[in-house]
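The chains referred to below are lettered A, B, ... by the order of the sequence lines, with proteins before strands, and numbering in each begins at 1.
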Amino acid sequence: MTNYDELTEFLLRLGDSALIQAQRLCEWTGRAPALEEEMGMMNVGLDLVGQARNWYEYAAERINDGTDADALAFRRDERAFRNLLLVEQPNGDFAVTMAKQFFYDAWQFHLLTLLKQASDERIAAIATKSLKEVTYHLRRSTQWVERLGDGTQESHERMEKAVDTVWRFTYELMEEGDTERALSASGILPSLATLPELWRSTVKHTLSNATLTLPEPASSFYLNARAGVHSEHLGTLLAEMQFLQRAYPDASW
Amino acid sequence: MTNYDELTEFLLRLGDSALIQAQRLCEWTGRAPALEEEMGMMNVGLDLVGQARNWYEYAAERINDGTDADALAFRRDERAFRNLLLVEQPNGDFAVTMAKQFFYDAWQFHLLTLLKQASDERIAAIATKSLKEVTYHLRRSTQWVERLGDGTQESHERMEKAVDTVWRFTYELMEEGDTERALSASGILPSLATLPELWRSTVKHTLSNATLTLPEPASSFYLNARAGVHSEHLGTLLAEMQFLQRAYPDASW
Amino acid sequence: GPEERAFQEKIDAEIKIEPKNWMPENYRKTLIRQISQHAHSEIVGMLPEGNWVTRAPTLKRKLQLMAKIQDEAGHGLYLYSAMETLGADRDEEIEKLHSGRAKYSSIFNYPTLNWADMGAVGWLVDGAAIVNQVPLQRTSYGPYSRAMIRVCKEESFHQRQGYEILLHMMRHGNQAQKDMVQDAINRLWWPSLMMFGPSDADSPNSAQSLAWKIKRHTNDELRQRFIDQTIPQLEILGCTVPDPDLKWNEERGHYDFGAIQWDEFYEVLKGNGPCNRERIETRKNAIEGGAWVREAAIAHANKKQQQAAA
Amino acid sequence: GPEERAFQEKIDAEIKIEPKNWMPENYRKTLIRQISQHAHSEIVGMLPEGNWVTRAPTLKRKLQLMAKIQDEAGHGLYLYSAMETLGADRDEEIEKLHSGRAKYSSIFNYPTLNWADMGAVGWLVDGAAIVNQVPLQRTSYGPYSRAMIRVCKEESFHQRQGYEILLHMMRHGNQAQKDMVQDAINRLWWPSLMMFGPSDADSPNSAQSLAWKIKRHTNDELRQRFIDQTIPQLEILGCTVPDPDLKWNEERGHYDFGAIQWDEFYEVLKGNGPCNRERIETRKNAIEGGAWVREAAIAHANKKQQQAAA
């Protein structure tokens, strides 16, 4: 595997997370609880694939060995993917899907807000553009968490269970990694040290509005997306997503 | 795609059906309703992968362009697969899985019994060996259909529904194709003209013992495994099953 | 009666009928049936594409397909809204779909079996839909007409995109990809022609619909138009259609074509097509499985309203 | 008492204890706990392999992995049977597993992330299991001893097969495959060493189990034996283990090795490992979701019995 530098790793973390989250949304096609949600999920998914493409294009330029955005998306194996563990988790019911979406949106929202100030202009530009989209995503998923949490007895129970199901993967959203710290120290990125507190504060606020229990911060446990140590769910997702590029390696689509 | 002759097509029909049926059984790993069934399903699956390998090896020799059994299993695309539509259907609950298994076993049992008499010695030998295994498979699936059909109210309803769910794909088991007719006419295979009646008679007997309704014979409808026109379920099954061979085309495992 | 006369005079004068205007009960019913079928088709039509959206080969193709699916959900929404202006209820009409009492376009009961199907569906299926729908932009019922204007615009875009997928595979693809394109056309050609419905001789409701300007052309006219505009595009692709009788008729100024297998059409219509059962089951599971979500949304809105009132 | 004395004398004389013999209540309980944990481990251990059996790269490898999974189900069956000779109930013990009151081998809470894991699980995990189990062939309780003889034989076969998977990838594989092998070893090495349990100093029940010859060697002895036999095999592979302190100690005649992260072990044991939740959920769903099947089988058997009696 090419040895990526720290900034490339960071770009892949952003790109892979957006792509895998979008892939899970694609699985809902024709299966959403209402037509409005078919549109809503596809809309969010479209934004995210677009964001992934922007991050990948920049990453490909940096790697500079002839790779491109499509190769990064469709030709890397599981252990090379850097997406958050959260987004690769199965969709479960609509509550689990919304819990994943909300936790991810809150992370993206605060991260992109910080990244707007990056001295790396390319990152600042992508962040600025993406943030407009993500602001809407977060509003939507916040509303759904509140609706389901403070809706009926059944929806409340499902939403509590959903938060419990995916919560343990949120430690990654609360963790400033060495990569980020090094990039901040070298002045490429602004400090991301406040991200955990910002994320937790948004989550706390919304879960409270939704009459849901805020769990204690999740703690890190072996799985580690930064090192490509994923849960077992990513492998089969990639087998499906990458099928055509793998089966027809010399094809142009 | 290489232009396969009729006998090759017939061998692939046998090999692909066995492999795909086994692949669906593999999906049950660790998920069966009892430990004895973990063993039972894996045991049947093992026999079937072994049978698939025998049919593929003969097919590969006939194709004689450097292909081998693994390439036939792991490098052909959906439209080249010749497996029965029945076996590619999703597992559903244990009743659906057993309905598929029973209909398939009954077909294999009678087909292999006829093929034992093939003048092609290779076919006769594989059929003879396979039939010993399939005799056990059929006994097992027959028992389960009877247990579930004539068990509790719930199991009876599930089994009725399962038969209904997969029945429409059984028209392929009742159909003597042009390929088979030509192979019989040229003396390579014995006549398979009695297969539909034999299959239906076994099914009738068991469904009756199981207090289940015998549906009218299913009729053919567009989908056609002989021409590789499959249901939408096969594509994702293959994406998973073939992943490693596709992702690492030059690898030896 | 005089109302009926005034109604027909408006129709004849190309004045749109609006929701509050008087209309014959049969006009209303015919429109509800037609618009709801159209809406159902948009929604069911997402499913064959959903089969490949998780396997799209590049980011660009994935974005295009996702956008198309999103548009279809949107079309479903406008069309159900247009239908509701006629006093119909969306949930009731959807229930008719699920219980097999309402139809949707038969083409969506065919499976999508390779990536080229995503191109061929855009080119042929959206193409046929557009030929059907362009005249409906001038249909006599105002809300339907306006919905059609928007739908047609987006579908033309989908059609060009679908064609471009195929053209790219034929021009830049390897042999396996070219085979996919021809295979997709082979499978989708006849079902696309069936999208225009039975021949005029076997289409009993057509005359009244034409008089009311709900329809503006006969099934056979539209089918011929579709074939005439599609075959030159087919030739640019360098592909063929599976019809040995297809040839240009200089005298008629149209393409002649072979006999359509209406048996297959009626079988699929009756529910015996290759994917009818899966399609309806998926939709039923979506709506029934999502009931708790919709109930929660209503309960939450009620709570908020009560809090605001308190 | 005299019974207890007679019991211990038998043990000391290497005479097997059989189900009908008198035994101390604690001996019985300890054995039930140990055998049930072992049985649970066989069953839960099928799941990480189930993750790859649908993706095995060749027919041969698929057959091998399926056969291994089948053997594990078989081991689970004999072991539950051996446990039942002690008066325990299989369903009750399984219920303890599902509610978190019974343990299983922690190693199965780690994910399998590439195909080489199927080799490394066979080589290291079955390898460690065999080192643990070979002495148990001589364990004092007869049915357990006999089950172990059969289990060990099959697991030795799995271990050699696992090693051969890795050896083939190292000798005939491309760079990506060699990387997979090293990656699998890197991830599975330390969890394999943890399979022998805490150091003797932190293993309170060991002394009694040794006296009763339920255990025959201490955890640390077995761990050392495993390392000593595994490192030469590792060298033949041309791989390394992620332990900078590993080196041959001429004086001791053993390999020295680095400190084990027992924190991780205890976290996984508490249920906080990477896959604990998924593993238990899958097993619960299997057993609870299959209740209707087992009920049907009983109902059917009862009907047949009544018919035979009538």
Does atom NZ of C/Lys284 have more than 12 heavy-atom neighbours, drawn from other residues, nucleotides or ligands, at distances under 6.0 Å? no
Looking at C/Leu113, is its backbone amide N or carbonyl O close enough to the side chain of B/Glu232 to form a donor-acceptor pair, meaning the two atoms are under 3.5 Å apart? no
Out of C/Glu278, C/Gln175, C/Glu267, return the one with the most heavy atom pairs under 4.5 angstrom to chain B. C/Glu278
Value for OG (B/Ser231) from CG (C/Asn51), rounded to nearest 0.5 Å, stands at 9.5 Å
Can you tell me which of B/Asp164, B/Thr165, B/Asp77 forms the most heavy-atom pairs within a distance under 4.5 Å of chain C? B/Asp164
Would one find more than 12 heavy atoms of other residues, nucleotides or ligands at under 6.0 Å from atom OH of C/Tyr255? yes
In terms of heavy-atom contacts, does CZ of B/Arg62 have more than 12 from other residues, nucleotides or ligands at under 6.0 Å? yes
Within the supplied structure, the quantity of interest is the number of heavy atoms (other residues, nucleotides, ligands) at a distance under 6.0 Å from B/His205 NE2; does it exceed 12? no
Check the surroundings of atom CD in C/Glu95: do more than 12 heavy atoms from other residues, nucleotides or ligands lie under 6.0 Å from it? yes
Segment of C/Arg55 engaging chain B (4.5 angstrom heavy-atom cut-off): side chain
With rounding to the nearest 0.5 Å, note down the distance linking CZ in B/Phe221 to CG in C/Asn109. 11.0 Å
Taking side chain as everything from C-beta outward and backbone as N, CA, C, O, which of these in C/Glu281 sits under 4.5 Å from a heavy atom of chain B? Side chain, backbone, both or neither. neither
With side chains defined as the heavy atoms from C-beta onward, is the minimum distance between B/Arg79 and C/Met180 less than 4.5 Å? no
Which region of B/Ser219, side chain (C-beta onward) or backbone (N, CA, C, O), has a non-hydrogen atom less than 4.5 Å from a non-hydrogen atom of chain C, or is it both or neither? neither
Report yes if some heavy atom in the side chain of B/Tyr222 is under 4.5 Å from a heavy atom in the side chain of C/Glu264; otherwise report no. yes
